[in-house]
Amino acid sequence: MQTARLATPRGTRDVLPPASERIRSLTGRFAETAQRAGFRQVITPIFEHAEVFRRVGESTDIVSKEMYEFRDKDQRLMALRPELTAPLARAFANHRPRTPWRVWYEGPQFRYEKPQAGRYRQFNQVGAELIGSDDPQADAEMLALAWRFCEALGLRQVILLINSLGSPADRAAFSSALGSYFARRLGDLSEQGRATLAVNPLRLLDSKRPEDRLAAAAAPDIAEFLSKEAAGHFQTVLDALGRLGIPFAIEPRLVRGLDYYRHTTFELRSLALDGAQDAVGGGGRYDGLVADLGGPPTPGVGFAMGVDRLLLACDAEDAFDVQEQDLDIFVVDVIGGVEATLLADEIRQAGISAERAFDKRSMKAQMKAADRSGARFALLIGAEELASGTVTLRDMRRDDGEAPRGAQVRIPRGAVCEEILRRLAVEARTPA
Ligand code: AMP
């Protein structure tokens with residue numbers, strides 16, 4: 001029983017250092033990329049009224065099968081967010097900010113999926129939305145943002161698949177043609193496929209089941225149903241990608257089941273990842289969403305990327321090597337009491353990173369700990385130092401494979417920060 005209680009729930013993980021540092025670093029990189037493009041962060045609650053998702057995604061697995069729903073103590077139906085586009089559109093409808101609203105976000109999402117490598121029940125996403133413009137250049141801008149972010153991570157094996165779902169009328173005509181097509185092949189579909197057909201024939205195109213895939217092989221192509229205006233929008237986006245030097249492949253099977261999706265839809269896949277979990281991000285235009293949630297009709301375009309998946313892709317490509325944070329000082333305290341606490345506090349306030357020992361352990365044990373910590377210098381404080389108002393600074397730099405050099409100097413207690421800063425600055429200028 002004990003082990004069952006210690007383990008995390010299925011599909012979730014404890015992320016310890018250094019893996020946690022990579023997540024933070026990747027998220028930070030995304031924040032920088034987005035802020036540089038004029039996007040600003042929005043933080044919405046991790047749980048919402050379930051209706052926010054139910055209203056717009058009833059026909060999707062994410063909402064109908066995978067959502068974590070619960071009643072709160074007042075019996076309101078709540079949901080842990082399975083994605084962030086709907087909450088952001090809700091926030092937009094609620095606050096009516098000036099458009100175009102350019103926002104980015106990060107944080108955990110929850111889906112009751114079958115866990116496997118790269119597929120979790122709690123996973124992190126970063127993403128961005130541009131709400132209030134139907135300019136095809138806005139689609140291009142979002143695509144560029146997602147693509148350049150992958151490049152910044154050092155990913156070279158990511159491909160961009162893109163498609164257009166056209167206007168609502170184009171979509172409806174396509175959906176009805178698909179419906180008739182699959183109705184003629186009812187016997188070839190999987191049982192679940194037949195159920196999907198009844199709800200939304202479009203969704204059969206992204207079914208992963210082999211029978212459905214085979215049945216879909218000769219399905220009509222959305223391109224034949226695009227109005228002149230929709231085809232023009234799509235072509236403008238593709239031309240922009242060409243001018244930006246961003247490679248893409250048109251994938252007519254790339255559809256989004258939700259009715260609020262219009263025009264551009266895209267996915268970023270990593271060729272370095274296993275087929276079933278190779279999507280590192282996806283997005284598109286959702287001109288109907290804000291209105292569906294009760295706001296004024298407002299176009300929008302955006303994307304979300306899976307942080308955990310991106311990191312798996314980085315691992316597979318040997319990219320995005322995060323340097324572990326260097327530690328400047330390890331305070332070795334052989335007297336106990338408050339002195340080491342004061343010393344560590346003072347040097348941290350001066351902007352120097354410092355760790356320290358506790359429990360008045362032996363000098364030898366503490367020096368070992370200092371060595372393990374990777375600190376650049378050890379700062380020793382013993383009875384002699386205390387009496388003479390000094391501290392001892394010991395050089396912990398190692399020459400490959402050897403013990404720390406151990407050169408040490410006594411410095412006046414009052415000059416300690418100044419001296420450390422001076423030494424660190426000299427080294428920054430002349431790397432070892
Ligand atoms: P979606 O909202 O389904 O388009 O997902 C956007 C991105 O989030 C995907 O491309 C994945 O990288 C990531 N993602 C989606 N579901 C999961 C999951 N269960 N575990 C890990 N990452 C996920």
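Only heavy atoms go into these numbers, but all of them, side chains included; no hydrogens, no water, no symmetry mates. In each ligand, atom 1 is the first atom listed, and ligand 1 is the first ligand listed. Along the sequence shown, residues are numbered consecutively beginning with 1.
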_Reference residue Glu129; test side-chain contact (heavy atoms from CB on, under 4.5 Å); the match among Tyr105, Phe39, Trp101_ = Tyr105
*asked:* Counting only heavy atoms, tell me which of Phe123, Phe110, Phe303 gets closest to atom 23 (C) of ligand 1.
replied: Phe123
_For atom 1 (P) of ligand 1, tell me which residue out of Gln109, Arg111, Glu83, Glu66 has the closest non-hydrogen atom._
Arg111
*With backbone taken as N, CA, C and O and side chain as the heavy atoms from C-beta onward, which portion of Arg309 lies under 4.0 Å from ligand 1: side chain, backbone, both, or neither?*
side chain
*May I ask whether Gln125 has any heavy atom positioned less than 4.0 angstrom from an atom of ligand 1?*
yes
*Among all protein non-hydrogen atoms, which one is nearest to atom 4 (O) of ligand 1, and what is the separation to 0.1 Å?*
Arg256 NH2, 3.5 Å
*Side-chain ion pair, Arg285 and Asp287, N-O less than 4.0 Å*: yes
*Is Gly281 in polar range of ligand 1, meaning some N or O pair under 3.5 Å apart?*
yes
*Side chains of Thr236 and Asp239: do they bring a donor and an acceptor to under 3.5 Å?*
no
*Strictly under 4.0 Å, does any heavy atom of Val280 approach an atom of ligand 1?*
yes
_Six-ring centre of Phe225, Arg171 cation under 6.0 angstrom, axis tolerance 45°_ = no
_Arg376/Asp395 ion pair, N-O < 4.0 Å_ = yes
